[in-house]
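See below for the structure under consideration.
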Amino acid sequence: SFTIEEGEWIGVIGPNGGGKTTLLKLLLGFLEPESGSIRLFGLPVSEGRGRIGYVPQSLGFDPKFPISLVELVLTGRLSQLRWYGRYSREDRQIALEAIEQVGLSDLAQRKFSELSGGQRQRALIARALASKPEI
């Protein structure tokens, strides 16, 4: 058991196979605990996980899929998407600001598949930032 209070910083360290990735998958709701419970912000994981920004180690995607960097980052705003399926001006502004934060503004319209590995990783960080996570 553990509790992390607002403003605290933690590191999760341990050997290979020690459960670090499993812990993160449980917190994100990708796995269900076999026993016990997990609460985020006092809520069940299904309700609290939208408040967490997550950057995967890699993104499995078809390189032929024609998505631009800005479109990828906008997917970080999907939870804010309006019922009629259009991003707002505010969503687009937030995405552009996140792209700027990671230093990729000059590549915003470039296809994600054309980016280098490091640029792709920064794009995924921008996507997580665009969701405006609390964690």
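Values reported hereafter were calculated over all heavy atoms of this structure, with side chains retained and with hydrogens, waters and symmetry mates removed.
Taken together through direct or relayed side-chain contacts under 4.5 Å among Ile, Leu, Val, Met, Phe, Trp and Tyr, L74 and L78 form part of one hydrophobic cluster. A continuous path of Ile, Leu, Val, Met, Phe, Trp and Tyr side chains, each step under 4.5 Å between heavy atoms, connects L115 with L96, placing both in one hydrophobic cluster.
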Listed pairs under 3.5 Å, donor-acceptor, residues 23-40 side chains, sequence neighbours left out:
from, atom 1, to, atom 2, distance (Å)
R39, NE, G42, O, 3.3
R39, NH2, G42, O, 2.5

Output a table of donor-acceptor pairs, distance under 3.5 Å, between side-chain atoms of residues 5-15 and any protein atom two or more places apart or on a different chain; print 'none' if there are none.
from, atom 1, to, atom 2, distance (Å)
E8, OE1, E5, N, 2.5

Q.
side chain to side chain contact (heavy atoms under 4.5 Å, CB included), that's the test. Do S131 and Q80 meet it? Break it down for me.
A. CA-CA 8 Å; S131 72; Q80 307 298 314; over 6 Å; no

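Residue pairs meeting the salt bridge (Lys or Arg N to Asp or Glu O under 4.0 Å) criterion with at least one partner in residues 126-135, sequence neighbours excluded, are R51-E134. For the salt bridge (Lys or Arg N to Asp or Glu O under 4.0 Å) condition, the pairs that include at least one residue of residues 91-103, sequence neighbours left out, are R77-D91.
For I125, the side-chain contact (heavy atoms from CB on, under 4.5 Å) partners two or more places apart in sequence, or in a different chain, are V55, V102, L129. Looking at residues two or more places apart in sequence or on another chain, you find a side-chain contact (heavy atoms from CB on, under 4.5 Å) between I135 and F41, I52.
Scanning both residues, A128 and P133, for their nearest heavy atoms gives O-CD, 3.3 Å. Shortest non-hydrogen contact noted between A95 and A130 is CA-CB, 4.4 Å. Here the shortest heavy-atom pairing between V73 and A123 reads CG2-O, 3.9 Å. What you find for E47 and L43 is that their closest heavy atoms are OE1-CD2, 3.9 Å.
Looking only at side-chain heavy atoms (C-beta outward), L124 and L72 come within less than 4.5 Å of each other. Between L69 and R110 there is no side-chain heavy-atom pair separated by less than 4.5 Å.
Put simply, CD on Q119 and CZ on F112 are 10.0 Å apart, with the number rounded to the nearest 0.5 Å.
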